[in-house]
Amino acid sequence: MAETAPKRQKTSKSTPYHLVYWPGLPGRGEHVRLVLEEAGAEYTDTAHTEGGMGEVLSYIQGKQPPVDDVANLPVCAPPILRHGELVINQTPNIVLYIGKREGLVGDAEDEDGMWRVNALVLTALDGLSNEVHDCHHPIATGLYYEDQKEESLRRSADYVKNRLPKFLGYFQRVLEAKASGDGPWLYGGNLTVADLVLFQCLDGVKYMFPKAMAKLQREGKHDRVFALYDAVKERPRIKAYLESKRRQKYGMGIYRYYEELDLEG
Ligand SMILES: N[C@@H](CCC(=O)N[C@@H](CS)C(=O)NCC(=O)O)C(=O)O
């Protein structure tokens, strides 16, 4: 009979989290960091530890988790979270795991809330992260931007004209819906991981498409979305984090600045 995964030892409340992500840029790891920072959780991060890059490579080259780990599966790409004996990947999966443990997925009494919050996280990542990446890599992730500049321009023009307003419009509708509750947050009147993920997505899009975002803000149709952005930025722990050295500058990750792609829409 095949060996089954043994029951994982419960991680205690004080077990620190360990984020495995490429050093040098915020990337998808940033969503995980913002959740950890808002929660005031103890964590380590390969972006700031010696040998961090080597550690990331050891995961994507299949050296970690070891092949004889009977519980954890190989991971495909960072971000990766190690928490006690657990190793998981996929940004929204990690965000949900930490969010649930740290009370950031909605009211504890609201059993279905977590799934609604997760739908918002997935939607923000679809439209304001993955599609943005495809604006500078519309043909192949493995090719250089310089090899797909013409297509990037076409893709970006369509993105700022059609897709970006569509997703901002969607989140505006969510914020106007009764279920979003009072205050600036997306769901149930409480700050959740969805607000943090949306904040990071908006921040990245502002960096990559400043002209289009300024125009959309001037038009005033997405005022609640921009208000949420400001409200997250003012959370005391988030504010302190954004001003700290832990917050890395944008570079050659998902959100990049290319002047020729900075279109108004
Ligand atoms: N859907 C995955 C995407 C993971 C991903 O593409 N990670 C990037 C960094 S942000 C990477 O290093 N990818 C390596 C590769 O795809 O070969 C997630 O959200 O975690």
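Numbers for residues simply follow the sequence, beginning at 1. What you see below is based on every heavy atom in this structure, not just the backbone, and it leaves out hydrogens, waters and symmetry mates. Counting starts at 1 for both ligands and their atoms, following the listed order.
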Residue pair Glu102, Tyr17: steps toward the side chain to side chain donor-acceptor pair (under 3.5 Å) verdict: CA-CA 12 Å; Glu102 302 294 336; Tyr17 298 96; 2.6 Å; yes

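Gly27 does not count as a contact of ligand 1, since none of its heavy atoms falls under 4.0 Å from the ligand.
Summarising the local packing, NZ of Lys100 is surrounded by 12 or fewer heavy atoms from other residues, nucleotides or ligands at distances under 6.0 Å. The number of heavy atoms from other shown groups lying within 6.0 Å of CD (Glu146) is above 12.
Of all the atoms in ligand 1, the ones that sit under 4.0 Å from a non-hydrogen atom of Thr91 are 18 (C), 19 (O), 20 (O). Heavy-atom proximity to Pro79, at under 4.0 Å, picks out these atoms of ligand 1: 20 (O). Near Tyr21, the atoms of ligand 1 lying under 4.0 angstrom from a non-hydrogen atom of the residue are 9 (C), 10 (S).
Neither the backbone nor the side chain of Cys76 comes within contact range of ligand 1; no heavy atom lies under 4.0 Å.
Protein heavy atoms are found less than 4.0 angstrom from atom 13 (N) of ligand 1.
Scanning all protein heavy atoms for the shortest distance to atom 15 (C) of ligand 1 gives Ala77 CB, 4.4 Å. What sits closest to atom 6 (O) of ligand 1 on the protein, heavy atoms only, is Arg28 NH1, 3.3 Å. For atom 2 (C) of ligand 1, the nearest non-hydrogen atom of the protein is Gln90 OE1, 3.1 Å. Atom 8 (C) of ligand 1 has as its closest protein heavy atom Pro78 O, 3.7 Å.
At least one cation-pi condition fails for Lys149 and Tyr258: the charged atom is not both under 6.0 angstrom from the six-membered ring centre and inside a 45 degree cone around its axis.
Leu120 is listed as a side-chain neighbour of Phe171, based on a closest heavy-atom distance under 4.5 Å. A 4.5 Å side-chain heavy-atom check between Leu86 and Thr11 finds every atom pair outside the cut-off.
In this structure, Tyr207 has its ring center under 6.0 Å from that of Tyr250.
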